[in-house]
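Remarks on the structure that follows.
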Number of protein chains: 2
Amino acid sequence: MRLLVVEDEVRLARALQKGLRSEGFAVDISHDGASGLESARVGNYDAIVLDVMLPRLSGYEVVRTLRRERNWVPVLLLSAKDGEYDEADGLDVGADDYLTKPFSYVVLVARLRALLRRGAPERPAVLVAGDLVLDPAAKQVARGDATISLTAREFSLLEYLMRRAGEVVSRLDLLEHVWDSYGVSEANVVEVYVGYLRRKIDTPFGRAAVTTVRGVGYRLETDGG
Amino acid sequence: MRLLVVEDEVRLARALQKGLRSEGFAVDISHDGASGLESARVGNYDAIVLDVMLPRLSGYEVVRTLRRERNWVPVLLLSAKDGEYDEADGLDVGADDYLTKPFSYVVLVARLRALLRRGAPERPAVLVAGDLVLDPAAKQVARGDATISLTAREFSLLEYLMRRAGEVVSRLDLLEHVWDSYGVSEANVVEVYVGYLRRKIDTPFGRAAVTTVRGVGYRLETDGG
DNA sequence: CGCGGCTCTCAAGCTGCTCTCAGCATGCCT
DNA sequence: AGGCATGCTGAGAGCAGCTTGAGAGCCGCG
């Protein structure tokens, strides 16, 4: 089992390396966010232990970036703060587990083992379809390198379509899940909003992620069109 | 994403509804166990937030009943007690996650997101006949590597034929099952549509998946022709 | 209080799907 | 082979369903 430990505090990093090695892990160390990200990309690790407070690039940024790049290596976050916000943020951002400093070494090893057992999570925290990426927590959408700004309604619509990517989703289904008021709305809200969405995520890129299936509904292509 | 919140404390329920709506969820409320169960049954929710201490029917009972009815909607339990027994009970009973009151709103949202992420419903199987593949959920058809675009009627026709692959299906049978209106249609709709279908799934590939059985009907070859 | 942005309604216009009809091709029986 | 029955196909009318633009109401913000 090959681990990467990203931790700027040198003594703690050393201690972890030594301890984990004695548990039988192969352990590499990075001391800042940027080099940690770089190592994570190329290193083919079985798991990563990642401090949140890091120079150059925070642990959050590192996980988020990895997940954007569809790298689902198990990540265990370490944070000095113990606010609830941190935990939530970390998990939202795509980490798999979380420990607050000061942590017990034994607990760390136990959690790591659990992570490795579980393997990479089958479902990432961000939704991906081809070059379309939607981050529910950050409320952000990107196509390729371009960040796309959506209104709340447009975002919900795209999120639901992406969660059911590949399937045809009916208008009624959308009314029920994206608009609270199922049956209340008589008019063609759904059509209108699909139109808005296409103008933002399809037209500028000359590709169609959202397909109309006449008489049935709409389908988001799993390959992003 | 459509959520049901079952919580008897009116102010908390309101607050949750407001907050979750601002996150982009569609939120319904029930104030007791019995009506919550009823809503859960018919509401087609993506997830349910369920208080344990409820009038008329406890949260435990609600989950237990749902699971008995083979309803696997993701459920997050909320409890005022914080003994470990509760958690175990809740999870035993079939809940997917658990929070103790007082809980952090941010954590609730993060856990909900995790639940929704996990709750990917697996798609129903596709129909296969030789190199012909039909996906009812995606409303898509492929022959070998080529994706074929069919109209709604053509799709229904092929789907019915594929479900009865190998059998000879009569015109009357098709009128009844593919065209709602059995007997209404006097003309040769079926022939016409079989024609359309062949032009799309047979002619371009130089093979005949649909065979005419004179005086009887049509048969879809199990080996795709 | 005015402004801008978001949500939703409405109506007009267009696309392309569905079905009919008529004529042609093919198969079957004597 | 001839003649009848059955199935196939091309053309086109009608229309349901989708798209789009314009604009009204509403809310939050300065």
Under a 4.0 Å threshold between the charged nitrogen and the carboxylate oxygen, would B:Asp46 count as salt-bridged to A:Arg163? no
Within-4.5 Å side-chain heavy-atom neighbours: A:Leu157 and A:Leu197: yes
Answer yes or no: are there more than 12 heavy-atom neighbours, outside B:Arg14 itself, under 6.0 Å from its atom CZ? no
Are A:Arg219 and A:Glu221 close enough for a salt bridge, meaning some N to O gap below 4.0 Å? yes
Say whether, by atom type as modelled, one donor and one acceptor occur between the side chain of B:Arg143 and the main chain of B:Thr147 under 3.5 angstrom. no
To the nearest Å, how far apart are B:Leu150 CG and C:dT18 P? 10 Å
Counting only side-chain nitrogens and oxygens, does B:Thr151 get under 4.0 Å of the OP1 or OP2 atom of C:dG16? no
Looking at C:dC8, I'd like to know if its phosphate oxygens (OP1 or OP2) sit under 4.0 Å from a side-chain N or O belonging to A:Trp179. yes
Can you give one letter per nucleotide of nucleotides 12-20 of chain D, going 5' to 3': B for a protein heavy atom under 4.0 Å from the base, S for sugar-phosphate only, - for none? ----BBSBB
Does a side-chain heavy-atom distance below 4.5 Å link A:Asp8 with A:Asp32? no
Of B:Leu3, B:Val5, B:Leu115, B:Leu50, the residue whose pairing with B:Leu76 passes side-chain contact (heavy atoms from CB on, under 4.5 Å): B:Leu115
Given atom CZ of B:Phe155 and atom C1' of C:dC17, what is their separation to the nearest angstrom? 16 Å
Roughly, in whole Å, what's the span from OH in A:Tyr193 to P in D:dG21? 16 Å
Give the rounded distance in Å between these two atoms: CD of B:Glu154 and P of C:dG16. 14 Å
B/S/- along nucleotides 24-30 of chain D (protein heavy atoms under 4.0 Å) is -------
Roughly, in whole Å, what's the span from CZ in B:Arg153 to C1' in C:dT20? 14 Å
Is any side-chain heavy atom of B:Arg164 closer than 4.5 Å to a side-chain heavy atom of B:Tyr218? no
In whole Å, I'd like the distance from the CG atom of B:Leu197 to the C1' atom of D:dT9. 15 Å
Grab the CG-C1' distance between B:Leu172 and D:dG7 for me, whole Å please. 16 Å
Side-chain (B:Asp51) to main-chain (B:Leu54) donor-acceptor, under 3.5 angstrom: no
